[in-house]
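So the structure is just underneath, and the comments pick up after that.
All chains are named by letter (A, B, ...) in the order of the sequence lines, taking the proteins before the strands, and each is independently numbered beginning at 1.
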Amino acid sequence: MDPIVPKNFIQQQIVEDLAAGKNDKRVHTRFPPEPNGYLHIGHAKSICLNFGTAKLFGGKTNLRFDDTNPAKEETEYVDSIMEDVKWLGFDWEERLYYASDYFDQLYDFAVELIKRGKAYIDFQNQELISEQRGTPTRPGTDSPTRNSSPEENLRIFADMKEGKYNEGACVLRAKIDMASPNMHMRDPLMYRILKQPHHRTGDKWCIYPMYDYAHGQSDYWEGITHSICTLEFEVHRPLYDWFVDELQDSDYRPRQIEFSRLNITSTVMSKRKLLQLVKEGYVKDWDDPRMPTICGLRRRGYTPESVRNFAELVGITKVDGVTDVALLEFCIREDLNKRAQRVMCVTDPLKIILTNFPDDKVEEVDAINNPEDESMGKRKVPFSKVIYIEREDFMEEPTNKFYRLAPGKEVRLRYAYFIRCNDVIKDAAGNITELHCTYDPETKGGNAPDGRKVKATLHWVASSGALACEVRQYDRLFTDPDPDGNKEKDFLEFLNPDSLKVIGDCLIEPFVANAIPLTNYQFERLGYFNVDPDSTTEKLVFNRTVSLKDNNKK
RNA sequence: UGCCCGAUAGUAUAAUGGUAGUACAUCAGACUCUGACUCUGAGUGUCUAGGUUCGAAUCCUGGUCGGGUAACCA
C-alpha cells in the first residue's frame, strides 16, 4: 500500500503517464542489447533502470536482442549477455526476444508502407544518397525514384528480398521530409541488402531492417510502454514516433525516454574501444579484471549487490557527466566489509625469528572471521617460531608518524602475541634478510595482563602451515581520469603500464587451502581479494578487488 | 554553424514558485587487536545578464559553455 516514490525523472514521467491512464496503466520496459560485444557497467546502469523501474510499478521487463546487423553479431555475445544479466540478479522470465523474431512482420509492414506510398526503393549508391541528404543548413533533394509508383516499388522490394540484387544495389527508404531540420527525417533507410548469414535466421534473409525501423516496431509488438534509451537517440525520437504513428491501431502507444549514459573516470566505456583493448592484447580478454565489463568486474571480485547499489547511487538524469571511480570502489568496500571472510596474507614477506619461542612448537590462535558479522564465527591460525610480516611494516629508522615495527619497538601480531624487535640481520649488500624478535608469552591472544598498549597491530603468517600464493594487484587501466577527453592523443597513450602487478611469492594462512574461485576475502590490512578462476590447489591465485581505504599519512 | 539536449560544492545527484539537502571525495577529531570499519565535525555550490513575482535553482528572454546529431551501425 506504500505510495510509489519515483527515484528519477523517468519514473516521475511514468507516474504522470499512469495518472493520465495511458496504456491501461501498464508499465512494460525492455533491455535491448545488440549482441556485438560484452556488457559493461554502463549497461548495468541501464539494466538496473529498466528492470528496477518495471518492478517499482509492478510491471515487466523483456530481454530483447537487437540483432538486425548480421555482420557484427554473434551467438557468443548472446550467451555472455544472458549470463551477465542473470548474474546481476534480474530475470526476464519467459520474455526472451530477438528483433530477428520480427523479420517477417517487419517485412510485411514495409510492404504496407510501400502500398501507402510512404516508402520507396532507391537505386542510388551510398555517396549519392548521402550527398542528396543535404546539410544541416541546406535542405536535401529528392531521389529520382522518390515518387515511383507503389506497384513498381512493391515489385522491386520483392526482388530485393529474393536476392536478385547485389549488396548495395538498392535500399528501401521511408518517404518523410527531405527538408526536415532533423537529418534523421530526411527519408531514412529502412532496409539494406546484406548477403550475410544471420546468427538466428541463417540464410533466410538477404535484406535486413535498420535500427530505426526495427526498434520501435519491436517495442510496439511486445507491448512496451516505456522505451528507455540513451541520449544519442534523442534526435531519433521523431522518427520513432513517425513509425509508431503508421503502426498504431489502438490507444496503446510506446514512448521513448532518454537518459545519459554512464561514464567513469580512468576507464573507457565504448564497445569499440573495449573490443580494441581485447583484440590488440592490451588486456587478456573481455573478463580481464581491469575491464569495466560485467564479466571483468565479476572476475575482479565485485558482487552483484555492489554493482546494483552503484547503479542506484549514480542516479538517472540527462546530464552528460563522469562518475568518479571512487564511488564504485566505495560500493564494493561497503558490501564486502559486511560479508567478506577475513584472512591474513603477506605479499612481501619479511622473515622474523622469535628467539624465545620453542623450536618445534606450533600453537593455534583464535581469529575472528568477520568482526562485522559475529555469526561467521572463529577459526584457528597456526603460530610458530618463524613467522613473516609485511616488509613495509618494518622500518629500521622509523619516521615520527611510523608506529609499526622498528628496532626496540613492540607491536602486536594480530590475534597472537606482542613481539619486540631486538636484532636486524642483513646480507653483505646491506639488505635486511630477517629480524630477531622476542615474543611475550603473557600476551597470548593479543592483550597484555599488565594493561600496556601497543600502537600497531600487524598481520602475519607463520611458516608452519603457510601456503604460497600468487596475488594480482590491479590499478586503474588508464593514467588519465579522462582517457577519451584528449583530441590530440589516442586513448591508448594513457594506458597505465602498472595496471597489473603479479606478485608470485606471497604467503597465506592455511584456512584458504580449498578456496573456491570467485570467493571474496578480506586480507587483513591489505584489501579485498577474491580467488581467480586460474587458481589451482597447487597454486592459489588471488585478485585484488580493491585496497582498504588508506588514511596513512606518512 | 541548422536542429535537439543539458548546466546546482571537486564529482554525482535532490529540491518541480517558499529554509539549497544527500552521497562519494577531501580535511580535522573520537574510537579501535585491521592506520580498516564506525561515529562526530568542517569547508566548498544554483553558468551569466535581464525579466515575471511578495518570493526564482525552479517560469520567460538573450548570452556563454558543454554534449548529441548529417552510418546501407546500434
Side-chain angles (χ1 to χ4, degrees), chain A residues 7-9 12 32-34 36 66-69 71-73 99 122 125-126 129-131 133-140 167-173 180-186 188-194 207-208 210-212 214-215 229-238 258 260 262 265 271-272 312-331 333-334 337-338 342 344 367-368 371-372 401-404 411-416 418 443 445-447 453-459 481 522-527 547-553:
Chain A
K7 290 199 192 77
N8 53 60
F9 78 98
Q12 282 173 10
E34 182 189 14
N36 69 341
D66 226 333
D67 56 352
T68 56
N69 186 357
K72 290 185 178 175
E73 295 149 6
D122 196 336
N125 63 31
Q126 206 169 148
I129 289 177
S130 166
E131 212 177 288
R133 193 143 25 218
T135 68
T137 49
R138 198 185 68 239
E167 252 183 52
C170 53
V171 293
L172 182 71
R173 290 226 255 169
S180 171
N182 182 337
M183 300 295 287
H184 293 279
M185 299 299 271
R186 320 246 268 221
L189 270 61
M190 292 170 61
Y191 270 96
R192 78 286 215 192
I193 299 168
L194 247 29
I207 57 171
Y208 291 92
M210 302 288 292
Y211 166 85
D212 285 308
H215 199 89
C229 62
T230 43
L231 248 32
E232 69 271 23
F233 293 103
E234 209 160 16
V235 286
H236 293 238
R237 198 188 328 138
E258 311 84 14
S260 56
L262 176 68
T265 55
K271 274 192 195 174
R272 201 205 94 227
E312 182 97 359
L313 291 183
V314 292
I316 302 294
T317 64
K318 297 182 74 159
V319 182
D320 184 28
V322 188
T323 295
D324 194 333
V325 69
L327 184 64
L328 219 208
E329 294 176 343
F330 163 79
C331 289
R333 284 193 187 104
E334 183 192 45
N337 177 50
K338 290 180 301 198
R342 267 61 166 176
M344 290 192 285
I368 294 166
E372 306 288 324
K401 290 279 179 72
F402 185 87
Y403 53 80
R404 284 109 89 184
V411 298
R412 171 168 40 229
L413 295 179
R414 187 154 167 107
Y415 299 127
F418 286 11
T443 59
N447 288 301
K453 302 282 184 201
V454 286
K455 192 80 173 86
T457 300
L458 307 186
H459 64 280
Q522 183 196 105
F523 291 181
E524 297 229 18
R525 302 211 306 133
L526 294 180
S547 66
L548 252 30
K549 209 170 142 188
D550 185 10
N551 288 342
N552 183 3
K553 294 171 288 285

At under 4.0 Å between heavy atoms, what does A/Pro371 touch on the DNA or RNA strands: base, sugar-phosphate, or nothing?
->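 If one applies the 4.0 Å heavy-atom cut-off, A/Pro371 turns out to touch a base.
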Under 4.0 Å between a side-chain N/O of [X] and OP1 or OP2 of [N], yes or no?
{"X": "A/Ser130", "N": "B/A71", "answer": "yes"}
{"X": "A/Arg192", "N": "B/A74", "answer": "yes"}
{"X": "A/Arg186", "N": "B/A70", "answer": "no"}
{"X": "A/Gln12", "N": "B/A15", "answer": "yes"}

If pairing requires Watson-Crick or G-U wobble contacts with both distances under 3.5 Å, which nucleotide is the partner of [N]?
{"N": "B/C3", "answer": "B/G68"}
{"N": "B/U38", "answer": "B/A30"}
{"N": "B/A49", "answer": "B/U61"}
{"N": "B/U13", "answer": "B/G21"}
{"N": "B/A56", "answer": "none"}

Judged by atom type as modelled, is there a donor-acceptor pair below 3.5 Å linking the side chain of A/Thr230 to the main-chain atoms of A/Glu232?
-> no
What pairs of nitrogen or oxygen atoms, one from the protein and one from nucleotides 65-69 of chain B, lie under 3.5 Å apart?
residue: B/G67; atom: O2'; partner: A/Asp320; partner atom: OD2; Å: 3.2
residue: B/U69; atom: O2'; partner: A/His184; partner atom: NE2; Å: 3.1

Does any donor-acceptor pair link the side chain of A/Arg404 with the base of B/G35 at a separation under 3.5 Å?
-> yes
